[in-house]
There are 2 protein chains.
Amino acid sequence: MTNKFYSYDLTKSEEDYLKALFQIIIESEVTKVGNNQLAEYLKVSPASANNMIKKLKGKKLVISEKYGKLELTSEGKEIAVWLVRKHRLWETFLYKYMNFSWDEVHEVAEQLEHIRSAKLIDELDRFMDYPQKDPHGDIIPDEKGNYELTPKITLSHLKGGERCRLVAVNDSSVAFLKYVSEIGLALSSEIKVEEVVEFDRSVRISFSDRTETVSRKFADNIFVELL
Amino acid sequence: MTNKFYSYDLTKSEEDYLKALFQIIIESEVTKVGNNQLAEYLKVSPASANNMIKKLKGKKLVISEKYGKLELTSEGKEIAVWLVRKHRLWETFLYKYMNFSWDEVHEVAEQLEHIRSAKLIDELDRFMDYPQKDPHGDIIPDEKGNYELTPKITLSHLKGGERCRLVAVNDSSVAFLKYVSEIGLALSSEIKVEEVVEFDRSVRISFSDRTETVSRKFADNIFVELL
DNA sequence: TAAAAAAGTTAGGCATGACTAACAAGTTTT
DNA sequence: AAAACTTGTTAGTCATGCCTAACTTTTTTA
Ligand SMILES: [Mn+2]
Ligand SMILES: [Mn+2]
Ligand SMILES: [Mn+2]
Ligand SMILES: [Mn+2]
């Protein structure tokens, strides 16, 4: 199955910028992104981001007016979704077949997502029997680029007494994921919010016979579904 | 299993040059390689090769005197063998699990061999139950870098009447491999040499109820084991 | 609304890894 | 041994993608 995106032949960096634009748009629920915001996200200087954006505008993958905010064209977005699909399929493969833990998959998937072979991705998808979600609970876009947005309710939105299920995490860093696991939480964990501490808005939660207090910052990075 | 080669952090290009040096040494059964020979192998200019060799000498992976031929240091060779291991494990994975044909695997493995994760390679090896050979019949070096050389008898060495088994191919190009398959040959095929044509030394062979005449150049690229 | 701050752009550099053109050293040929 | 050829090296250029410093434009705040 040949993929039309292979006519583009973008560099690894160009791909990373497109994907970053897409992720920022999804994560912060906006349609336009500032140049410096993009630079910060990718940990490069504003000048570097500005330079790359010029190239992507030349390839009609990004649009913006001078001194204006950045938008992905529909083609730019399609390529970004395709990269997300590859990233999440690889993470799933590493997790389910290569004995990687959920905090180890992201780093290697960052490399694997740039491998150019539509056939490999299609076959990987088939091999794993078309998984719906990656190890962090994120939806894997299908071969046509269709995808659902991951849920937007975080643990920090709940009030004392409410119950929920952990459906995804909003941070792929090793530090965060290791901490989540150490506490004893995982995808599908059922959590009850005991109390939101007034002083610093940290959250007292209980789950499987255990009680823990987690920070506001932590709770902001846990996506849940109300029960 | 952490791999010591990850302390090197070579670029993709540096890796390709080391691997090329190693392949030339194995294929042409020499210990030293000329700069221009290396350049030709990699399809770059002699100036480019010369430039890269300077860097590899700085990293003590290559040795040579000025205007002299190039040698891999033992460290350079170890890294090259590690790259060959990765390449052949990926080819095997693509062939056995991803429904790639033997002429499709090489191109994608050229990309995958540069993925940095010793754990992924160890797990891939375990997942496939420690395969000994890749889809072209080449030996896969083990995790310690031990490997056997592929057999050096080609079909073109045989005389009329002799019989052999196809054990490997010495060319990974799509054009060659497709032709091999089209004729009806594959790894393990039993071949009888009917006659070596005196005029142009092409070879009349028979196998599984079929008779074909193949060129000298073709016969040079088929490795066999005498029966 | 004028000053200050933030956001975006441009200019000039640097490293990597290609290239061509010119040159130097080594190897054959005559 | 000199000429011719082959091989290796150097110099200068280019594209990519990063940087800092300086500048311009837009937005915020006083
Ligand atoms: Mn990830
Ligand atoms: Mn990436
Ligand atoms: Mn190969
Ligand atoms: Mn390679």
Side-chain angles (χ1 to χ4, degrees), chain A residues 8-21 24-25 28 30-72 76 79-80 83 110-111 113-116, chain B residues 8-21 24-25 28 30-72 76 79-80 83 110-111 113-116:
Chain A
Y8 280 100
D9 217 30
L10 301 175
T11 64
K12 181 183 176 305
S13 284
E14 289 171 328
E15 289 188 342
D16 281 336
Y17 277 87
L18 286 179
K19 201 182 114 189
L21 277 171
I24 293 168
I25 287 166
S28 46
V30 293
T31 53
K32 299 182 175 189
V33 179
N35 178 81
N36 294 7
Q37 189 184 2
L38 175 61
E40 194 184 10
Y41 187 93
L42 284 168
K43 299 188 203 311
V44 297
S45 68
S48 298
N50 191 266
N51 187 58
M52 178 59 84
I53 288 301
K54 276 184 187 162
K55 286 206 305 186
L56 295 175
K57 284 165 84 169
K59 296 187 177 186
K60 305 250 195 275
L61 302 172
V62 171
I63 299 180
S64 79
E65 288 165 22
K66 202 167 182 182
Y67 289 99
K69 299 234 177 293
L70 310 167
E71 279 179 281
L72 282 171
I79 295 171
L83 288 164
E110 279 294 305
Q111 301 175 58
E113 75 189 12
H114 300 290
I115 298 293
R116 284 158 202 286
Chain B
Y8 280 101
D9 217 31
L10 302 174
T11 64
K12 181 183 175 303
S13 284
E14 288 171 327
E15 290 187 342
D16 281 337
Y17 276 87
L18 286 179
K19 202 183 112 188
L21 278 170
I24 294 169
I25 288 166
S28 47
V30 293
T31 54
K32 300 181 176 190
V33 179
N35 178 79
N36 294 7
Q37 189 183 3
L38 176 62
E40 195 183 10
Y41 187 92
L42 285 169
K43 300 189 202 311
V44 297
S45 68
S48 298
N50 192 266
N51 187 58
M52 178 59 85
I53 288 301
K54 276 184 189 163
K55 287 207 305 187
L56 295 175
K57 285 163 85 168
K59 296 187 178 187
K60 305 252 195 276
L61 302 172
V62 170
I63 298 179
S64 80
E65 287 165 25
K66 203 169 182 181
Y67 289 99
K69 300 236 177 289
L70 310 167
E71 279 179 282
L72 282 172
I79 295 172
L83 288 164
E110 279 295 306
Q111 301 175 58
E113 74 190 12
H114 300 291
I115 298 293
R116 286 158 202 286

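A note on names: the letters A, B, ... follow the listed sequences, proteins ahead of strands, and every chain is numbered from 1.
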query: Can you tell me how far P of D:dT16 sits from CE of A:M52, to the nearest Å?
result: 9 Å
message: Are the side chains of B:L70 and B:L56 in contact, using a 4.5 Å heavy-atom criterion?
response: no
- line: To the nearest angstrom, the OH-C1' distance between A:Y17 and D:dT16 comes to 11 Å
query: Can you tell me how far P of C:dA18 sits from CD1 of B:I53, to the nearest Å?
result: 12 Å
- prompt: Should B:M52 and B:V44 count as side-chain neighbours, where that means a heavy-atom distance under 4.5 Å?
  reply: no
Below 4.0 Å: OP1/OP2 of D:dT16 and any side-chain N or O of A:S13: no
query: At what distance, to the nearest 0.5 angstrom, does CG of A:L83 lie from CD of A:E15?
result: 4.5 Å
- request: Could you tell me the separation between the CD atom of A:E71 and the CD1 atom of A:I25, rounded to the nearest 0.5 Å?
  value: 8.0 Å
- line: Residues of residues 33-42 of chain A with a heavy atom under 4.0 Å from any atom of DNA chain C, listed by number, are A:G34, A:N35, A:N36
query: Between D:dT16 atom P and A:D16 atom CG, what is the distance in whole Å?
result: 17 Å
Check nucleotides 19-21 of chain D against the protein and report each pair of N or O atoms closer than 3.5 Å, with its distance, or say if there are none.
residue	atom	partner	partner atom	Å
D:dC19	OP2	A:S45	N	2.8
D:dC19	OP2	A:S45	OG	3.1
D:dC19	OP2	A:S48	OG	2.6

field: Flag side-chain contact, heavy atom, 4.5 Å: A:E113 against A:E110
entry: yes
- request: For the residue pair B:N50 and B:K54, establish whether any side-chain heavy-atom pair is separated by less than 4.5 Å.
  value: yes
message: Treating A:N35 as the side-chain partner and A:P46 as the backbone partner, does any N or O pair qualify as donor plus acceptor under 3.5 Å?
response: yes
message: Using whole Å, what does the distance between atom P of nucleotide C:dT16 and atom CD of B:E15 come to?
response: 15 Å
message: Once you apply a heavy-atom cut-off of 4.0 Å, does B:K54 come out as touching a base, just sugar-phosphate, or nothing?
response: sugar-phosphate
Between C:dG12 (P) and A:N50 (CG): distance, integer Å: 16 Å
- prompt: Once you round it to whole Å, what is the distance between P of D:dC23 and OH of A:Y67?
  reply: 13 Å
message: What's A:K69 touching, base or sugar-phosphate or nothing? Going by heavy atoms closer than 4.0 Å.
response: sugar-phosphate
- request: Take atom NZ of B:K66 and atom C1' of D:dT7, then tell me their distance rounded to the nearest Å.
  value: 14 Å
- request: Compare all side-chain heavy atoms of A:R116 with those of A:D9 and state whether any distance is below 4.5 angstrom.
  value: yes
- request: Step by step, work out the side chain to side chain contact (heavy atoms under 4.5 Å, CB included) result for B:L72 and B:L61.
  value: CA-CA 6 Å; B:L72 282 172; B:L61 302 172; 5.7 Å; no
